[in-house]
Amino acid sequence: PRACGTGWHPGGTAVCAVLFLGALPSPAATSQGHVSVILLGATGDLARKYLWQGLFQLYLDHASGGHSFTFHGAALTAPERGQRLMFDVLKKLSCPPDEPPDRCAVLKDQFLRLSQYHQLNTAENYTALNTEIEMLLRQEGLKEAGRIFYFSVPPFAYTDIARHINSSCRPPPGAWLRVVLEKPFGHDLESARELAAELAGFFREEEMYRVDHYLGKQAIAHILPFRDQNRQFLDPIWNRHHVERVEIVLKETVDAKGRTSFYEQYGVIRDVLQNHLTEALLFLTMELPGNVSSAGEVLQRKLQGFQSLRGLGKGSAVLGQYAAYGGQVREELQRAQGYVSTTPTFAGVLIHSDSLRWEGVPFLLTSGKALDERVGYVRVLFKNRAYCPQSGTLRDAGSSQCKAKQIIFYIGHGALNTPAVLVSRNLFKPVMPASSWKEAAFQPELHVFGQPLSDYYVYSPMRERDAYSVLISSIYHGRKDFFITTENLLASWEFWTPLLDSISHQSPRLYPGGVENQHLLDFEMVGGELAFALAEPIELLQPKAPTPSDYKTIQAKYRQSPLVSAWAEELVSQLASDMERAASSAVARAGHFHLALSGGSSPVVLFQQLARHHYAFPWRYTHIWLVDERCVPLADPESNFFSLHDHLLQSVRVPYFNIHPMPVHLNQRLCVEEDRGTELYAKEIAALVANASFDLVLLGMGADGHTASLFPHSENGLEGAQTVVLTESPVKPHQRMSLSLPLINRARKVFVLVLGKGKHNITSLISRVGHEPRKWPISGVSPSSGRLVWYVDYEALLG
Ligand SMILES: *[C@@H]1O[C@H](CO)[C@@H](O)[C@H](O)[C@H]1NC(C)=O
Ligand SMILES: *[C@@H]1O[C@H](CO)[C@@H](O)[C@H](O)[C@H]1NC(C)=O
Ligand SMILES: *[C@@H]1O[C@H](CO)[C@@H](O)[C@H](O)[C@H]1NC(C)=O
Ligand SMILES: *[C@@H]1O[C@H](CO)[C@@H](O)[C@H](O)[C@H]1NC(C)=O
Ligand SMILES: *[C@@H]1O[C@H](CO)[C@@H](O)[C@H](O)[C@H]1NC(C)=O
């Protein structure tokens, strides 16, 4: 044998790998050149479970044509021990059921001979590997086709490995390099950007294959082809007029035991939703490109899809954590007994797309550990407009229009225990590629989503393939449409990071795990947000937390007016109820309710409370006015109207003509005196509000004593006949429009909401001062014939 390094033999004798290339089935097999596959992390978990089997499948599929192969397993482990560990894995490779056993046994033997272990630790080790590959090719007279480096290593190791590959393992010109990267790709937008920038120094975009193994799941991989091949049926119904909702679900029964060092840093949203479920979401929501096989076209449509997604906030998600998780973290990560983890192991997230196609359709993404079943699916539920007056049996016979209409991409496990595509028979008979999907026969008594399988056209793959086999085959063929590009990755992090930031300190709801979860994790959509359907079981969550009965609302006086005080949440719900009562009595008395609302951050929680819990509020008869506005366009996030729209108006039904934003934007400019915006608003008030007396004005109090947009040491709006004024704020944006103090004081009711520790000093101060609006505009609030009520939370009142 020629000297050729550390080739090895299953029997343990070191032999030259070159020797065995001659054992390939036919000389033609090598005519297209040689492919070297280097698996980094060759003895790790992922490699053991999936990657070696995927590489073996690649070899089975291509041994008799095209390229010749060698497989190089690599790890930090010293050669002898590494070889042994790797061989233990290779021995157990299984033959797929559709493979003739004889052929498979022969090929497995060949595969083992073509596989070698390398210790890859130092720069020298990488150089040595490169030399070995070159030498092998030269000795066999083979042309090099390309090299695949599969990174099955923790992300902190990426940079070093990438540097070594770039500097000493690049194939010569004419041969390709493909590096395969496994998630996590960062843990937020910034870290993902850093990692991407770093990798971009070593590899070109087309050389990188970022794996999201969900894209290799047969049901997910078929979403786009399905949409493409069934355009004739889907074109009319794949939109907001017909789709009721979409559920994208991955439920697991396992927990995070043994993996908490990873899991504690990531949690379920980063682990599953940001990548797997988001990819499925985009396959459903993106506009179809002309050519669904073109990676470039798909990417462009996907990026547009990301652009249409509405931003997520705290209320977009419900979070849970299985009860044993905290203990597992403390044990595995050696944390102190009192350590409390807020990492969610369960999440439900409500996503909206603002595209014309999908506006208003809820997309629910759900995943969790320690749940009652293992299953994954994407379910599109269509609206049902029919009503069938027959009784049950008659209705169930035939393909009645009254049965649920749905399309399900069944990823696996669960009742079916196989990937499948299901289409309700009352929708259409789908076109499926006959070469890869077959109409499946299941026991008819099986039910999926409440319907017997006989209600669906059901298709399953001709040949079930593991996701990693699919992906490895795509890498080999250079098909990038199954992988996550840098742009795609960053778009996803850009979408998820604000939610992740907003919930980073939120305590998830604890759940016991398995079937005992019962209905604890059920959640519902209320006013554009998600909430658990059952009230928090307080004993389970925090044994020592105060129960709601410990809260009391203080009733007292502040500046000679009624004061209501409580913890913020209680206070806001009290205020919302009082507002609803005021509204109902105004409508009963006069047929309408004129409500003027302030901007700022305090009212946001109030608006959300009103949107979610006050169904009896007479919105139809309510006129909404603004107390003050910033001089920015109404669609600017800084605009008070924008915030009001986002947190309240879009969730309640106030007639359009009852909504009265302040005219700060006239003649394409903002708050210019000659445009007479203030007069315009004053006229509108005079025309609609009897005696210019609002039924209710809601105010806040600034830490400097300002209220509405009336600021200390400024004359504007504190007195005089002008009812609407332009003012200057000490903070940006400086220009404001505001109701004047005299106008506010004509109101029937004025409620002032003050929340948070930051307001404690001004709250104490204002309690002592007299009527000095020039120094503290809030002290000038004193309705001439109406009623003033202060709503001050404990933090503001007591510090
Ligand atoms: C890897 O490199 C180190 C340092 O250069 C060397 O000591 C070691 O023997 C190398 N391993 C192999 C398997 O060549
Ligand atoms: C990658 O290798 C090329 C060629 O050796 C070199 O010019 C470049 O600086 C390397 N990239 C990095 C980030 O080291
Ligand atoms: C679609 O894209 C694939 C991949 O780029 C290409 O092979 C195929 O020819 C394209 N089909 C059409 C009709 O352009
Ligand atoms: C109109 O408002 C003024 C000032 O608040 C008040 O004195 C007067 O009684 C009101 N008139 C009517 C008819 O409500
Ligand atoms: C409130 O007043 C106290 C005492 O005068 C002072 O130390 C503190 O910094 C003030 N806090 C704020 C938020 O202004």
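Atoms within a ligand are numbered from 1 in the order they appear, just like the ligands themselves.
- Using modelled atom types, one finds a donor on one side chain and an acceptor on the other under 3.5 Å when comparing Thr122 with Glu124.
- At a 4.0 Å heavy-atom cut-off, the residues surrounding ligand 3 are Asn291, Ser293, Ser294, listed by chain and number.
- Ion pairing between a basic and an acidic side chain is recognised when a charged N comes within 4.0 Å of a carboxylate O; Arg48 and Asp88 show no such pairing.
- Those atoms of ligand 2 with a heavy atom of Gly201 less than 4.0 angstrom away are 11 (N), 12 (C), 13 (C).
- At least one heavy atom of Pro79 sits under 4.0 Å from some atom of ligand 1.
- Each of Phe283, Trp437, Phe409, Tyr410 was evaluated against His222; a single residue qualifies, Trp437, per the ring-ring contact (aromatic ring centres under 6.0 Å, His included) test.
- A side chain to side chain donor-acceptor pair (under 3.5 Å) with Glu287 is found for one member of Arg357, Lys302, Arg301, Gln300 and no other, namely Arg357.
- Glu207 pairs in a salt bridge (Lys or Arg N to Asp or Glu O under 4.0 Å) with only one of the listed residues (Arg170, Lys480, Arg178), which is Arg170.
- Near Glu124, meaning under 4.0 Å from one of its heavy atoms, ligand 1 places the atoms 4 (C), 5 (O).
- More than 12 non-hydrogen atoms from other residues, nucleotides or ligands lie less than 6.0 angstrom from CD of Glu359.
- For a threshold of 3.5 Å applied to N or O pairs, the pair formed by Phe202 and ligand 2 contains no separation below that value.
- The structure places OG1 of Thr77 at 4.0 Å from OH of Tyr117, a figure rounded to the nearest 0.5 Å.
- Close N/O approach between Asn166 and ligand 2 is found [any backbone or side-chain N/O within under 3.5 Å].
- A donor-acceptor contact closer than 3.5 angstrom links the side chains of Glu205 and Thr486.
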